[in-house]
There are 2 protein chains.
Amino acid sequence: MAEAREPAPSLAEEIAARLRDQVTGGALVPGQRLSEARVAAELDISRNTLREVFRLLTREGILRHEPNRGVFVAVPSMASILDIYRVRRLIEVPALAQAWPGHAAVARMRSAVARATELQRIPDWRGVGSANMEFHAAIVALTDSPRLIQFFTQIIAELRLAFGLLDSPELLHRPYIPRNAEILGRLEAGDPAGASRMLEDYLNQSERAVLEAFARLG
Amino acid sequence: MAEAREPAPSLAEEIAARLRDQVTGGALVPGQRLSEARVAAELDISRNTLREVFRLLTREGILRHEPNRGVFVAVPSMASILDIYRVRRLIEVPALAQAWPGHAAVARMRSAVARATELQRIPDWRGVGSANMEFHAAIVALTDSPRLIQFFTQIIAELRLAFGLLDSPELLHRPYIPRNAEILGRLEAGDPAGASRMLEDYLNQSERAVLEAFARLG
DNA sequence: ATGAACATGTTGTTCAACAATTTTGTTATG
DNA sequence: CATAACAAAATTGTTGAACAACATGTTCAT
């Protein structure tokens, strides 16, 4: 059951990464149809290879595949956001609560906070968002569970898709930099339980903000 | 973000289901290499379609893909079993604890218990195992979370792969039929918290049994 | 207008071929 | 005899074209 290792990125995976960025970056609008022929021509790959790419991204939840009709950029819904935050609470909160402050992933958390702090001065709010996500991915990495880590990676990709749809990146990301720093500090001080409680507050507040921003769209 | 719907099963998905059964059923040995040409000929599909099948099953965790080397049936390890049970505890226990006893999935749990009871008289221990898994899938369905449900489906596929490797199906499945019934009864009696505690015991004991059976192999 | 028949474009699947890579087999060398 | 270097064979990676199956849009008859 494939525990690790990943030596050579294939063409399909490279293209998948590129398409993923285009989607989460907003270059491709949610709901948009992706014609196999057109996209294959644009990316200069064959239709067959593109289909493999589509399968990958569909499993990740950022593309939607309707049989005999084609693939579309997934459309975030209120329900999906609620579900995503529910999963986040379920996974992140216990992950942090049972963390050992000396774990290697703590360094990842630290550098994520540092990067977010840097980027907010440019300001590059999309970059701040990425750094914040990296912070939370690091929290899940505290569990050393390959399955949780992989699952959470998907969840984050979906959430970034939703973020791309909203239009107040500063409001969505800025307030959480100091909170992340605070959580990290509490963990490093040897109080994972307290850090975990703070994380739960964080998630509830962030969820509310995202839902409000989402509601402003219609 | 693809919340539901699945109207037409494509050829690739049908074949995937067939291969999945062959793997979890033990017809294909863990570690075995699956030659694209040979398998495509056996299943009477083209190599391209088979590749899509492989991608599907690789994402599910029951096949392993090594670039430029081919795909292999995944080999369950001690570490993977530990990880799987950890994920199960994390998801199933809270799912049951917060359950509403009138939820539709409770009926699924009930019929799963009934089916397991039926099959143990034949006896069909592989069938009993499937029914037990269905019971736990139903528990996760109590959450109404599409993402958790899909994730858990993968986890179960992996676990069944591990079960197929072991050789004492009666020992692995029989003791848990009455426990499932008991958990269900507690839930129907309006005590999800109590049911959840029993489930936690269940999982710990089951994990121990599986690990012991696994250790007997070497 | 309503609905049936048709026209069109897209996806689903197959086939055949070639490039890139790994594995295997052979030979040469210490 | 062991091993390193190299050649040959087999396998995967990727492509392009073709056709069938399906979905949608249009035309036509009523």
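Below, chains carry the letters A, B, ... as their sequence lines are ordered, and counting in each starts from 1.
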K.L.:
Test side-chain contact (heavy atoms from CB on, under 4.5 Å) on B/Met109 and B/Asn180 and set out the steps.
P.N.:
CA-CA 9 Å; B/Met109 295 171 64; B/Asn180 282 344; over 6 Å; no

K.L.:
Checking the side chain of A/Arg88 only, and the main-chain atoms of A/Val93 only, is there a donor and an acceptor separated by less than 3.5 Å?
P.N.:
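No; judged by distance alone, with no hydrogens or angles, the pair does not exist.
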
K.L.:
Which two nucleotides bound the region of DNA chain C that has atoms under 4.0 Å from heavy atoms of chain A, read 5' to 3'?
P.N.:
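Contacts span C/dT10 to C/dT14, reading 5' to 3'.
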
K.L.:
Would you find a donor on one side and an acceptor on the other, under 3.5 Å apart, between the side chain of B/Ser206 and the backbone of B/Tyr202?
P.N.:
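Here the side-chain-to-backbone pair does not exist.
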
K.L.:
Do B/Arg89 and B/Glu207 sit within salt-bridge range, that is, some charged N less than 4.0 Å from a carboxylate O?
P.N.:
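Salt bridge present between B/Arg89 and B/Glu207.
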
K.L.:
Where do N or O atoms of nucleotides 13-15 of chain D meet protein N or O atoms at under 3.5 Å, pair by pair?
P.N.:
| residue | atom | partner | partner atom | Å |
| --- | --- | --- | --- | --- |
| D/dG13 | OP1 | B/His65 | NE2 | 3.4 |
| D/dG13 | OP1 | B/Asn68 | N | 3.1 |
| D/dG13 | OP2 | B/Arg51 | NH2 | 2.3 |
| D/dG13 | O5' | B/Arg51 | NH2 | 3.1 |
| D/dG13 | N7 | B/Arg47 | NH2 | 2.9 |
| D/dG13 | O6 | B/Arg47 | NH1 | 3.4 |
| D/dT14 | OP1 | A/Leu11 | N | 2.9 |
| D/dT15 | OP2 | A/Ser46 | N | 3.2 |
| D/dT15 | OP2 | A/Ser46 | OG | 3.3 |
| D/dT15 | OP2 | A/Thr49 | OG1 | 2.4 |

K.L.:
Run the salt-bridge test on B/Glu158 and B/Arg160 with the 4.0 Å N-O cut-off and return the result as yes or no.
P.N.:
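So B/Glu158 does not pair with B/Arg160 through a salt bridge.
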
K.L.:
So, are A/Glu134 and A/Arg115 salt-bridged, with charged N and O less than 4.0 Å apart?
P.N.:
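Looking at A/Arg115 together with A/Glu134, the answer is no, because their closest N to O distance does not fall below 4.0 Å.
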
K.L.:
Do B/Ile62 and B/Val73 have side-chain heavy atoms sitting under 4.5 Å apart?
P.N.:
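A side-chain contact is absent here, since even the closest heavy-atom pair is not under 4.5 Å.
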
